[in-house]
Amino acid sequence: EVQLVESGGGLVQAGGSLRLSCAASGLTFDDYAIGWLRQAPGKERQEVLCIRRSDGSTYYVDSVKGRFTISNNNAKNTVWLQMNSLKPEDTGVYYCVAGPIATMRVSDYDYWGQGTQVTVSS
């Protein structure tokens, strides 16, 4: 059974940092793309923020490029999202997701974590 469990969310002031963790089980990173999605308050759908492909390469949308970093430890089956220079617009529920390919289509991801709340105050 594939499971993804996020943790590390919380309340932080603008300009601060948070690190989110995603503990994975039932999958290997060599076979899956891992992404971080965000659902902002009042928005109906999630947005792909960054992706780590199965070959280890990464992609970031412009809004988080240079501020967010996705990384992983294969031995621990853990993925992290380091978030620096946080802005109020970064507020939302963050989801760790996995799928067979790297894609910007949210619905293409097969496995989702439960989400973790990140709130950035101004």
Side-chain angles (χ1 to χ4, degrees):
E1 179 183 358
V2 173
Q3 288 188 314
L4 303 172
V5 181
E6 302 99 334
S7 62
L11 175 65
V12 64
Q13 292 185 350
S17 298
L18 282 174
R19 190 178 76 160
L20 308 183
S21 296
C22 175
S25 61
L27 62 82
T28 59
F29 294 146
D30 286 346
D31 297 326
Y32 288 88
I34 309 296
W36 285 94
L37 316 182
R38 179 177 65 214
Q39 185 164 10
K43 299 297 184 181
E44 192 168 309
R45 64 179 183 270
Q46 299 85 9
E47 174 191 12
V48 176
L49 301 179
C50 56
I51 306 165
R52 185 174 182 86
R53 304 179 184 91
S54 59
D55 66 2
S57 62
T58 56
Y59 168 81
Y60 301 87
V61 297
D62 288 344
S63 63
V64 307
K65 191 177 301 180
R67 301 189 298 120
F68 289 13
T69 303
I70 185 171
S71 60
N72 67 279
N73 184 316
N74 289 2
K76 295 181 179 294
N77 262 30
T78 301
V79 176
W80 295 273
L81 180 65
Q82 179 67 45
M83 305 185 293
N84 299 324
S85 301
L86 284 163
K87 306 174 181 179
E89 52 263 43
D90 294 322
T91 293
V93 179
Y94 285 69
Y95 297 89
C96 175
V97 298
I101 59 170
T103 175
M104 299 299 291
R105 285 174 49 87
V106 171
S107 61
D108 285 347
Y109 290 97
D110 298 319
Y111 305 107
W112 290 56
Q114 83 285 357
T116 186
Q117 176 71 42
V118 172
T119 303
V120 184
S121 62
S122 58

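Here the structure is a predicted model, which means the values were calculated and not measured.
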*Taking the side chain from Glu6 and the backbone from Gly115, do they hold a donor-acceptor pair closer than 3.5 Å?*
yes
*Report the distance from atom CG of Leu18 to atom CG of Leu86, rounding to the nearest 0.5 Å.*
5.5 Å
*N-O pairing of Lys87 and Asp90 below 4.0 Å*: no
_Looking at every heavy atom in both Pro100 and Tyr32, which two are closest together, and how far apart are they?_
N-CD2, 4.3 Å
_Just verifying a value: how many Å separate Ser7 OG and Tyr94 OH, rounded to the nearest 0.5 Å?_
15.0 Å
*Is there a donor-acceptor contact under 3.5 Å from the side chain of Gln39 to the main chain of Glu44?*
yes
*side-chain contact (heavy atoms from CB on, under 4.5 Å) between Leu27 and Leu4: does it pass, once the steps are laid out?*
CA-CA 10 Å; Leu27 62 82; Leu4 303 172; 4.1 Å; yes
_Donor-acceptor pair, side chain of Thr91 and main chain of Val120, under 3.5 angstrom_ = yes
_Here's a test for you: under side-chain contact (heavy atoms from CB on, under 4.5 Å), which of Val93, Leu49, Val48, Ile51 qualifies with Leu37?_
Val48
_Rounded distance [0.5 Å steps], OG in Ser122 versus CD in Glu89_ = 10.0 Å
*Does any N or O in the side chain of Arg67 come within less than 3.5 Å of the main-chain N or O of Ser85, such that one atom is a donor and the other an acceptor?*
yes
_Counting C-beta onward and ignoring hydrogens, is there a side-chain heavy-atom pair between Phe68 and Thr58 closer than 4.5 Å?_
no
*Between atom CZ of Arg19 and atom CG of Asn84, what is the distance when rounded to the nearest 0.5 Å?*
11.5 Å
*asked:* Just so I know, are the side chains of Trp80 and Ser21 near enough to count as touching, which here means a heavy-atom distance under 4.5 Å?
replied: yes
_For the residue pair Asp30 / Thr28, report whether a side-chain donor-acceptor contact shorter than 3.5 Å exists._
no
*Walk me through it: do Val118 and Met83 pass the test side-chain contact (heavy atoms from CB on, under 4.5 Å)?*
CA-CA 10 Å; Val118 172; Met83 305 185 293; 3.9 Å; yes
*Report yes or no: does Tyr109 contribute a side-chain atom to a donor-acceptor pair with the main-chain N or O of Thr103 at less than 3.5 Å?*
yes
_For the CD1 atom of Ile70 and the CZ atom of Arg53, what is their distance to the nearest 0.5 Å?_
10.5 Å
*Can you find a heavy atom in the side chain of Thr116 that is under 4.5 Å from one in the side chain of Leu20?*
yes
*Do Trp36 and Cys96 have side-chain heavy atoms sitting under 4.5 Å apart?*
yes
